[in-house]
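Values reported hereafter were calculated over all heavy atoms of this structure, with side chains retained and with hydrogens, waters and symmetry mates removed. Counting starts at 1 for both ligands and their atoms, in listed order. Quick caveat, the model's predicted, so the values are computed rather than measured.
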Amino acid sequence: MTANQGIKPITCEINANGHIQIGGCDLVELADRYATPLYVYDEETIRTIAREYKSAFRDYPNIKMLYASKAFMTKAICKILSSEGFGFDVVSGGEIYTAYSAGVNMSDCLFNGNNKSVDELNMALELGVGKISVDNFLELALLNEIAISKGKIVDILLRITPGIECHTHEYIQTGHLDSKFGFDLTQIDSALELIIDEYKNLDLIGLHAHIGSQIFEPQIYYDEVGVMLKEIDRIKNKFGLELHTINLGGGLGIKYTENDLPPSVSEISEKITSAIDYYSKEYNLGDVNIYIEPGRSIVGTSGVTLYTVGSSKQVPNGKKYVAVDGGMADNPRPSLYQAVYTAQVANKPNDELTQTVTIAGRFCESGDILIKNVKMPELDEGDILCVYDTGAYGYSMSSNYNRVLKPAAVLVNNGQSDIIINRESYEELVSCDMVPDRLS
Ligand code: LLP
């Protein structure tokens with residue numbers, strides 16, 4: 001079992017106080033000390049899964065692991081993952097800047113995205129971002145121009161849509177043909193002609209694809225390698241261009257509930273390496289370098305969110321709603337993707353589950369429901385609810401909806417807790433607001 005296959009962080013246990021603890025820290029004490037809502041990240045879970053990735057691919061040295069920063073990025077996370085030997089998949093000026101300010105070796109970064117701005121491309125080249133995955137014709141032209149202006153040759157990959165469907169939520173599927181991302185297989189040749197004949201400051205080293213997210217089917221990675229190496233063979237035969245790198249994207253799923261059965265990292269690595277072995281022989285390709293870009297599976301299980309229980313409402317002959325002090329602004333996934341989560345009460349995890357309730361958020365929208373119909377013990381105002389598996393795409397997609405302050409995040413390890421994101425203050429909340437003179 002790898003860390004993505006459990007619902008809870010690997011250090012999660014019930015302590016002598018009868019409370020849930022993670023990383024040796026009592027969650028009730030954390031809530032008391034740092035206030036709620038609070039994101040809690042377990043360093044050991046992050047490092048463990050990072051090492052599980054490394055170990056799963058230990059027999060395949062030509063691999064570069066890039067952490068998909070979009071899942072959750074702060075300077076502390078950059079420090080942890082770069083110390084584990086990961087590079088970074090970055091998709092915006094903000095992610096590039098965060099990596100840079102954390103002291104990440106920028107040549108270990110790959111810049112992805114379907115509509116990178118001229119400013120962001122300039123920034124990437126100035127800060128030395130190692131590789132750029134070019135998504136479309138406009139970007140090819142812009143990047144070549146910028147590279148000329150800086151006297152640089154830029155290593156690029158071409159983002160392609162391999163036409164592979166996976167059974168995940170429609171909004172997080174990306175590899176199927178009708179997608180906004182990347183070059184369609186039928187557009188690749190035109191892109192190659194431009195690169196070969198005109199864009200002399202772009203050095204094409206390989207192809208990139210990302211099939212989707214929260215993937216449970218290992219076979220998809222086998223098929224993806226097959227499509228990409230077939231394409232590399234076709235390019236070699238048609239253009240005489242030898243590409244040796246394929247970036248397979250991210251996507252490995254995690255276990256949000258007992259019904260989720262994600263594969264282990266080694267099941268994925270086995271599919272990938274056996275496909276490389278098979279297809280590189282079939283097409284006589286020699287050594288193939290692989291990049292992978294896991295995001296959710298690296299940080300998802302490591303993070304939980306703590307909330308304080310507040311008001312509740314029993315609808316006559318209907319549901320019982322219990323409200324907490326956060327919701328769709330700190331975790332938009334339930335309302336966006338109908339995502340389902342598992343939760344426990346941190347101050348009474350052993351109490352009998354006597355009722356079925358709906359956990360509601362505090363935001364002014366009926367759709368702000370965190371968990372529907374979940375079995376809970378008797379709940380009192382002030383109880384601390386721990387929602388598991390919020391480490392990925394929670395904080396990173398959070399907002400200030402209703403002008404509610406963004407929560408803090410703490411990193412726990414061996415009984416120590418450290419703030420890695422400060423709770424926003426009201427001063428910070430209004431700090432970008434401007435009042436034109438004529439309104440003063
Ligand atoms: N590489 C590329 C090019 C991607 O677009 C993504 C995710 C990843 C890697 C990382 O995928 P992961 O290993 O995290 O599945 N907000 C959605 C997920 C969107 C994923 C977008 N791209 C959610 O909360 O489920």
Side-chain angles (χ1 to χ4, degrees), residues 2-4 46 49-50 52-53 64-73 77 81 86-92 95 109-116 131-136 157-162 164 166-176 179-183 206-218 220-221 224 228 246-256 260 262-263 265 268-269 272 290-303 305 328 330-341 387 389-399:
T2 49
N4 64 310
I46 301 175
I49 188 91
E52 284 166 349
Y53 266 100
K64 181 80 200 158
M65 322 243 185
L66 305 171
Y67 167 63
S69 313
K70 58 180 82 67
F72 176 60
M73 192 191 211
I77 293 294
L81 288 165
F86 274 64
F88 294 83
D89 148 26
V90 288
V91 294
S92 68
E95 289 188 355
C109 292
L110 175 113
F111 189 16
N112 281 318
N114 72 312
N115 194 21
K116 308 174 185 79
K131 311 222 164 7
I132 304 215
S133 172
V134 178
D135 187 277
N136 53 65
L157 289 94
L158 275 196
R159 170 81 184 253
I160 64 166
T161 40
I164 295 171
C166 60
H167 302 120
T168 186
H169 192 283
E170 183 193 350
Y171 292 176
I172 51 180
Q173 274 185 11
T174 40
H176 55 305
S179 158
K180 72 169 185 172
F181 294 102
F183 293 90
L207 302 179
H208 175 206
H210 168 76
I211 308 279
S213 203
Q214 187 61 355
I215 292 175
F216 285 180
E217 306 144 89
I220 277 193
Y221 290 98
E224 185 187 13
M228 289 176 85
I246 53 172
N247 180 343
L248 300 170
L252 173 60
I254 65 167
K255 188 176 178 76
Y256 287 98
D260 292 334
V265 179
I268 299 292
S269 72
I272 292 175
I290 330 172
Y291 293 177
I292 53 167
E293 301 170 329
R296 186 193 316 267
S297 54
I298 300 284
V299 289
T301 317
S302 74
T305 309
M328 66 189 295
D330 58 78
N331 183 2
R333 299 192 70 260
S335 36
L336 262 181
Y337 316 120
Q338 299 80 48
V340 183
Y341 285 87
V387 179
D389 300 294
T390 58
Y393 304 110
Y395 179 82
S396 69
M397 295 205 299
S398 66
S399 76

Practice prompt. Would you sort out whether Asn112 and Glu293 count as a side chain to side chain donor-acceptor pair (under 3.5 Å), showing the intermediate values?
Written response: CA-CA 11 Å; Asn112 281 318; Glu293 301 170 329; 3.0 Å; yes
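In terms of N/O distances under 3.5 Å, ligand 1 is approached by Gly295. Polar contact check, Arg333 against ligand 1: a nitrogen or oxygen pair lies under 3.5 Å apart. Polar contact with ligand 1: absent for His208 (N/O pair, distance under 3.5 Å).
In this structure, Lys255 and Asp260 approach most closely via the heavy-atom pair NZ-O, 3.0 Å. In terms of heavy-atom proximity, Arg296 sits nearest to Ser213 at NH2-OG, 2.8 Å.
Those atoms of ligand 1 with a heavy atom of Ala68 less than 4.0 angstrom away are 8 (C), 9 (C), 10 (C). Distances below 4.0 Å separate heavy atoms of Arg159 from the following atoms of ligand 1: 3 (C). Taking every non-hydrogen atom of Glu293 and a distance limit under 4.0 Å, the qualifying atoms of ligand 1 come out as 1 (N), 2 (C), 3 (C), 8 (C), 9 (C), 10 (C), 13 (O). Listed by number with element, the atoms of ligand 1 under 4.0 Å from a non-hydrogen atom of Met397 are 16 (N), 24 (O).
Residue-ligand proximity: Gly251 is placed with a non-hydrogen atom under 4.0 Å from ligand 1. Residue contacts with ligand 1: Pro294 is included, with a non-hydrogen atom under 4.0 Å away.
A ring pair (Phe, Tyr, Trp, His ring centres under 6.0 Å) with Tyr256 holds for exactly one of Tyr337, Tyr341, Phe216; it is Tyr341.
A donor-acceptor pair is defined here as one N or O able to donate and one able to accept, closer than 3.5 Å; such a pair exists between the side chain of Glu52 and the backbone of Ala3.
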